[in-house]
Amino acid sequence: MTDFSHPARFERPSALAFLGYAVGLVIIFWSFAGAGFSLDKVISSPPRFADFLDRAFPPNLEPKVLSRLGWKMVETLQIAVAGAVIGVILSLPIALLAARGLIAGPWINQITRTSLGFIRAVPDIAWALVFVVAVGLGPFAGMLAIAIDTIGFCGRFFADDMEAVEKGPSESLTATGARKLDVVACATVPAALPAFISTSLFALEKAVRSSTILGLVGAGGIGIELKVGFDLFDYPTAMTVILMIAVVVIGIEQISGKARSRIIGEQR
């Protein structure tokens with residue numbers, strides 16, 4: 001039988017809700033004004049962008065340039081992988097302190113989570129500036145920045161993953177008199193391992209993307225080549241760098257996605 005009833009109408013908002021919507025719109029328009037949004041600039045930008053593309057193409061594919069940029073890209077990947085590995089390893093003990101109801105009390109949980117929140121709040125390029133001051137220019141500063149950024153990313157997710165695991169095995173071990181560390185090592189961590197692997201692979205993707213721009217502040221990698229290209233108006237070389245970054249990042253994401261599907265599938 002055909003239903004000819006009318007769809008439900010939106011309920012009339014209350015005065016408080018209407019006020020909230022109005023405040024939200026004001027904040028949005030205020031943000032556009034503060035960001036310098038200009039319709040004239042939007043309309044006039046396509047010809048300028050077309051001029052940039054005309055001057056940037058074809059990319060600089062000279063063997064000498066490709067060799068130099070290739071080694072810088074290798075350095076970028078080394079920064080990303082080394083920083084991500086260190087960050088993931090250090091994230092696990094930190095996550096154990098951040099996870100509620102495992103081995104630490106509420107105060108330690110809160111302090112650790114607040115610290116992780118602070119790490120995530122500071123952009124990775126700002127951490128790179130800090131470590132450039134601390135250890136000097138070069139890829140080591142970039143690696144440390146990636147490691148800290150990875151700790152902030154993985155530490156929070158690892159803690160949430162351990163809190164979300166099925167409590168049955170942990171409760172069974174606790175009932176037999178097992179210590180907290182034994183319960184975590186034998187029940188909680190193995191149950192959360194697939195999620196750990198997935199998060200770690202996401203962290204690697206994030207590290208590769210981040211490491212491509214750390215060179216802008218002297219922390220090693222191919223970012224410095226991009227900056228020099230634009231500073232010298234060498235747009236063909238800059239476009240070569242952009243294309244290399246895109247190819248490498250997309251390739252890492254594809255490899256990471258396949259690895260994640262295979263590993264998690266086997267775990268299931």
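- Atom CG of Leu193 is separated from atom OG of Ser198 by 11.5 Å, given to the nearest 0.5 angstrom.
- Nearest heavy-atom pair, Ala98 versus Thr112, reported as atom, atom and distance to 0.1 Å: CB-CG2, 3.7 Å.
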Step by step, work out the ring-ring contact (aromatic ring centres under 6.0 Å, His included) result for Phe157 and Phe202. CA-CA 11 Å; Phe157 283 104; Phe202 277 123; 8.8 Å; no
Begin from the C-alpha positions of Phe131 and Met143 and carry the test side-chain contact (heavy atoms from CB on, under 4.5 Å) through to its verdict. CA-CA 9 Å; Phe131 286 115; Met143 186 203 72; over 6 Å; no
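- Side-chain contact check for Val85 versus Ile89: some heavy-atom pair is nearer than 4.5 Å.
- One hydrophobic cluster, built from ILVMFWY side chains closer than 4.5 Å, cannot hold both Val217 and Ile224; they sit in different ones.
- Counting heavy atoms from C-beta outward, Leu214 and Ile146 have side chains that approach closer than 4.5 Å.
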Test salt bridge (Lys or Arg N to Asp or Glu O under 4.0 Å) on Asp160 and Arg113 and set out the steps. CA-CA 11 Å; Asp160 291 344; Arg113 283 180 172 270; 3.2 Å; yes
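- Between Leu92 and Phe196, some side-chain heavy-atom pair lies under the 4.5 Å cut-off.
- A salt bridge links Glu163 with Arg100: at least one charged nitrogen is closer than 4.0 Å to a carboxylate oxygen.
- The shortest side-chain heavy-atom distance between Ile79 and Phe140 does not fall under the 4.5 Å cut-off.
- Within 6.0 Å of the CZ atom in Phe230, the count of heavy atoms belonging to other residues, nucleotides or ligands exceeds 12.
- Side chain of Ser67 to backbone of Lys64: no donor-acceptor contact under 3.5 angstrom is found.
- Side chains of Asn60 and Thr240: no donor on one and acceptor on the other come within 3.5 Å.
- Glu225 is listed as a side-chain neighbour of Arg68, based on a closest heavy-atom distance under 4.5 Å.
- Nearest heavy-atom pair, Ser200 versus Val88, reported as atom, atom and distance to 0.1 Å: OG-CG1, 3.5 Å.
- The side-chain heavy atoms of Asp234 and Val228, taken from C-beta on, include no pair separated by under 4.5 Å.
- Remark: Phe29 CZ is loosely packed, at most 12 non-hydrogen atoms of other residues, nucleotides or ligands lying under 6.0 Å away.
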Given Lys206 and Asp149, is the salt bridge (Lys or Arg N to Asp or Glu O under 4.0 Å) satisfied, shown in steps? CA-CA 9 Å; Lys206 185 174 182 294; Asp149 188 64; 2.3 Å; yes
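- Put simply, the side chain of Pro123 does not reach to within 4.5 Å of the side chain of Trp127, judged on heavy atoms.
- Between Val241 and Ile222 the shortest side-chain heavy-atom distance falls below 4.5 Å.
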